[in-house]
Amino acid sequence: MHTKQTIREAHTTFRRHLASKPDEKRQRDASILQHTLEALDHFGAVGSEISAYHPLRTEPAAADYPLQLAQHARTVWLPISLPDGVLQWAACTEEQQPGALGIAEPVGSRFSSEVLKGCAALVIPALAVDRRGQRLGKGAGYYDRALEQVRDHRIPIVAVVFDEEVVDTLPAQPHDVPVDAIVTDRGFFQL
């Protein structure tokens with residue numbers, strides 16, 4: 001089995017290659033939005049509070065992904081990365097500022113990850129997901145820490161990846177929080 005770092009490197013290379021094909025990336029991103037809405041509908045989260053993320057250029061989904069989701073949710077909570085590996089959350093608005101890690105962040109009141117307990121679904125990024133729900137992130141542990149706080153609340157966690165990033169198996173550690181569903185450019189899959 002490959003290490004988490006070699007898997008991360010392979011998927012990062014794939015994403016850079018895909019980003020160099022803007023027409024294909026745009027089509028895939030549009031499909032990801034549609035399949036995310038299917039997932040939210042499936043989990044009864046349309047019109048409710050959800051979490052999402054603001055994608056980087058190489059990540060699945062278009063730059064306006066959270067704003068598109070906000071049209072179908074009461075509130076979309078977006079993460080704000082703090083230097084100590086902790087996420088805070090703010091409501092998605094059109095007003096944003098550059099964040100500490102180069103990711104756009106909403107301007108406004110910030111809340112701890114406790115705010116996620118009021119969500120009907122958590123839509124999160126990943127570099128890869130296996131068929132058991134094991135998620136591979138970028139390695140800093142931000143999401144694992146945030147998700148640990150809601151682990152016992154049975155809130156559906158939906159990982160968003162490109163279709164090629166759904167793999168048979170990923171290495172797992174005790175602190176890794178599994179996901180309940182996967183959204184790709186090919187569909188929505190509950191695990």
Discussion item. I'd like to know if Arg145 pairs up with Glu148 as an ion pair, taking the criterion as any Lys NZ or Arg NE/NH1/NH2 lying under 4.0 Å from an Asp or Glu carboxylate oxygen.
Written reply: no
Discussion item. Can a donor-acceptor pair be found, under 3.5 Å and without considering hydrogens, that links the side chain of Asp185 to the backbone of Asp163?
Written reply: yes
Worksheet entry | Salt-bridge contact Arg131-Asp168 (side-chain N to carboxylate O under 4.0 Å) | yes
Worksheet item: When clusters are formed by joining ILVMFWY residues with side-chain heavy atoms under 4.5 Å apart, either directly or through shared neighbours, do Val46 and Phe43 land in the same one?
Response: yes
Practice prompt. Measure the acute angle between the ring planes of Tyr143 and Trp89, then classify it against the limits of 30° and 60° as parallel, tilted or perpendicular.
Written response: perpendicular
Worksheet item: Salt-bridged, Arg26 to Asp23, with N to O below 4.0 Å?
Response: yes
Practice prompt. Indicate if Ile50 and Leu122 have the same hydrophobic cluster label, given that clusters are the connected sets of ILVMFWY residues with side-chain heavy-atom separations under 4.5 angstrom.
Written response: yes
Discussion item. Exactly one of Val177, Leu170, Leu127, Ile124 should register a side chain to side chain contact (heavy atoms under 4.5 Å, CB included) with Arg135. Which one does?
Written reply: Ile124
Discussion item. So that I can tick it off, tell me whether Arg28 and Glu164 are bridged by a salt bridge, with the cut-off set at under 4.0 angstrom between side-chain N and carboxylate O.
Written reply: yes
Worksheet entry | For the student: nearest non-hydrogen atoms of His42 and Gln190, plus distance | NE2-OE1, 2.5 Å
Fill in: Polar side chain donor-acceptor pair, Asp130 to Gln134, under 3.5 angstrom
no
Practice prompt. Before accepting this row, confirm whether a basic side-chain N of the pair Asp176/Lys4 lies closer than 4.0 Å to the acidic partner's carboxylate O.
Written response: yes
